[in-house]
Amino acid sequence: MGLYVLINIIVLFAIIAVLYVMQKKHVNFTYRVLGALAAGLILGFILRKVYDMEVVNQTIIWYNVVGNGYVRLLQMLVMPLIFVSITMAIINIKEGGSNVGKMTLIIIAVLMVTTAISALVGFFTAKGFGLDASKLQSIVGDISQGASNYEGKLEQFTSRPVPQQLLEIIPTNPFAALAGMGGSPTLSVVFFAALVGSAALGLRKKKLEVFEFFQKMMQALHDVVMKIVAFVMKLTPYGVLALMVKFMAASDLKAFAQLGQFLLASYVAIIIMLIVHSIILIIFGYNPIKYYSKAFTVLAFAFSSRTSAGTLPLTVSTLKEKMGISEGVSNLSASLAVTIGQNGCAGIYPAMVTAMIAPTLGINPLEPSFLIKAVVIIAIGSFGIAGVGGGATNAALITLSALGFPVGLVAILLGIEPLIDMGRTMLNVNDGMITAAVTGKICKEADMDKFNSNNTSSGESENI
């Protein structure tokens with residue numbers, strides 16, 4: 001077995017070597033990511049067909065050093081990037097420039113509206129496919145099985161009402177928030193960074209020398225962090241390669257077949273929401289084809305990595321360098337979208353799960369009073385959903401517990417969770433980018449000449 005694992009490791013490094021040669025020959029970054037994605041799927045399929053699962057599992061353990069290692073590098077960057085980016089965005093606001101408060105309100109409003117729309121899409125799609133928990137129960141057994149595994153999570157969420165979740169955004173220890181601790185660490189860092197930036201901005205007129213010193217210090221820190229981001233971005237094709245091998249080789253394809261109807265319905269809802277995003281782009285004067293050609297690399301990585309938080313550095317870079325959205329809007333939109341208004345995980349998924357359970361309780365999920373109540377709960381519950389794998393499970397638990405519904409279905413659907421989560425995460429990231437585009441246009445912080453250019457490689461990616 002050890003020999004087979006060694007051979008598989010050598011094959012992975014051979015593909016990595018090919019990708020490295022492509023990099024040295026300056027092959028377009030997007031093409032290399034797409035090639036890595038395709039190579040990963042092919043290699044994963046071969047591993048699945050040639051070896052038994054014991055060899056595959058041992059191989060994946062080694063492949064995880066590349067795939068999970070890359071994701072951990074991106075996650076490592078999230079808190080420092082949010083802090084320096086938002087602080088710099090605020091202190092660089094010119095006198096008489098855009099109001100950061102207005103900008104923030106617009107971003108949150110767009111995120112909430114798109115989440116509510118995605119919840120409606122989830123409800124109607126579930127109804128259109130005739131999904132209900134009783135049908136799924138006949139396939140996988142008693143819907144109550146496995147619910148006990150989530151009692152701890154359920155108690156955690158039901159013990160934190162919405163006012164408490166909002167209160168937890170204010171960090172009692174900002175350094176703990178930077179370390180990822182607390183109820184809503186990402187939003188806490190956003191809050192603290194905004195407070196620091198606003199305080200520094202208040203010194204610009206009264207103590208200019210203090211403000212200028214702080215600005216230079218933050219600029220140096222920002223440059224260092226962005227240099228690290230540029231380095232990590234160079235590793236994207238290798239991370240995507242390993243992640244896709246793992247997906248194809250280790251996913252439960254039997255569960256995929258059993259729950260294919262729910263999987264299909266989920267992707268139909270995701271596609272519908274992408275169409276809604278495209279309509280929003282058209283309304284605000286953007287060309288959807290041009291937009292998606294520039295956003296492809298970001299969405300491909302979000303799809304393969306299943307982490308919108310981990311995709312944050314690439315999201316911000318693409319918004320600024322490819323799409324011409326100002327640094328302030330790009331950083332604030334992308335950072336807030338990590339934990340607020342995730343269309344896939346916190347919109348479509350909890351809506352579809354709720355729509356499946358409602359008929360078993362004698363409730364018509366499309367009855368207006370119930371539908372409005374559920375959509376409001378989903379939109380509010382989307383605050384603080386972590387931009388990492390598993391956020392959809394938390395969002396569903398919040399919604400179901402708020403409605404008083406049983407939560408066992410959440411446990412059952414975990415069998416195909418990785419397959420659905422890939423598309424959901426892509427949609428989450430896309431919503432953050434759409435929000436940035438809309439906000440940039442409203443606040444006159446969008447360079448449309450840059451957006452309409454044929455540049456599909458970000459500044460950091462030119463030499464990647």
Side-chain angles (χ1 to χ4, degrees), residues 23 29 68-94 100 171 173-181 185-201 203-204 208-239 297-298 301 305 307-339 387-388 432 436 457-464:
Q23 173 188 326
F29 183 61
N68 291 353
Y70 177 68
V71 172
R72 288 174 69 93
L73 282 173
L74 286 170
Q75 291 171 334
M76 173 191 74
L77 291 171
V78 171
M79 294 304 187
L81 182 61
I82 289 175
F83 177 74
V84 299
S85 297
I86 292 181
T87 303
M88 284 299 298
I90 293 174
I91 64 177
N92 284 334
I93 292 176
K94 298 178 181 178
V100 69
N173 184 344
F175 299 102
L178 284 165
M181 301 169 64
T186 306
L187 284 178
S188 294
V189 172
V190 171
F191 178 88
F192 181 65
L195 189 62
V196 170
S198 300
L201 204 60
L203 294 173
R204 182 160 56 186
L208 182 59
E209 69 283 357
V210 175
F211 171 78
E212 290 178 343
F213 172 77
F214 181 78
Q215 187 179 38
K216 289 179 181 178
M217 183 179 69
M218 286 304 304
Q219 184 64 58
L221 183 59
H222 178 270
D223 291 346
V224 170
V225 172
M226 294 311 297
K227 185 67 176 179
I228 299 173
V229 169
F231 167 73
V232 175
M233 288 302 100
K234 292 182 180 180
L235 305 178
T236 299
Y238 315 122
T297 301
V298 180
F301 177 73
S305 67
T307 164
S308 52
T311 311
L312 182 62
L314 190 57
T315 303
V316 173
S317 173
T318 300
L319 286 170
K320 291 191 300 181
E321 304 297 335
K322 295 184 184 181
M323 298 191 182
I325 310 299
S326 72
E327 183 174 3
V329 173
S330 297
N331 287 316
L332 199 55
S333 296
S335 298
L336 288 174
V338 166
T339 52
V388 294
S457 297
S458 66
E460 287 85 359
S461 300
E462 290 291 349
N463 298 317
I464 293 179

Taking it one step at a time, do Phe214 and Arg204 satisfy side chain to side chain contact (heavy atoms under 4.5 Å, CB included)?
CA-CA 10 Å; Phe214 181 78; Arg204 182 160 56 186; over 6 Å; no
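- The heavy-atom pair separating Gln23 from Lys234 by the smallest distance is OE1-O, 4.3 Å.
- By the side-chain hydrogen bond (donor to acceptor under 3.5 Å, both in side chains) test, Ser326 is found to be paired with Glu445, residues two or more places apart in sequence or in another chain being considered.
- Applying the side-chain contact (heavy atoms from CB on, under 4.5 Å) criterion to Val224, with sequence neighbours excluded, gives Ile228.
- Taking each heavy atom of Ala334 and Val316 in turn, the nearest pair found is CB-CG2, 3.7 Å.
- Ser330 and Leu319 make their closest contact through OG-CB, 3.4 Å (heavy atoms, listed as atom of the first residue, atom of the second, distance).
- Using a 30° and 60° split on the angle between ring planes, Phe301 and Tyr70 fall in the perpendicular class, above 60°.
- Atom NZ of Lys227 is separated from atom NE2 of His222 by 14.0 Å, given to the nearest 0.5 angstrom.
- Side chain of Ser317 to backbone of Pro313: no donor-acceptor contact under 3.5 angstrom is found.
- Proximity of Thr318 to Thr297: side-chain heavy atoms (C-beta onward) are nowhere separated by under 4.5 Å.
- Rounded to the nearest 0.5 angstrom, Gln215 CD and Thr87 OG1 are separated by 12.0 Å.
- Closest heavy-atom contact between Phe83 and Leu178: CB-CD2, 4.1 Å.
- Not counting sequence neighbours, the partners of Asp223 by the side-chain hydrogen bond (donor to acceptor under 3.5 Å, both in side chains) test are Gln219.
- Across all their heavy atoms, Leu73 and Val232 have their closest contact at CB-CG1, 4.1 Å.
- The two residues Ser333 and Gly432 have their closest heavy-atom pair at CB-O, 4.0 Å.
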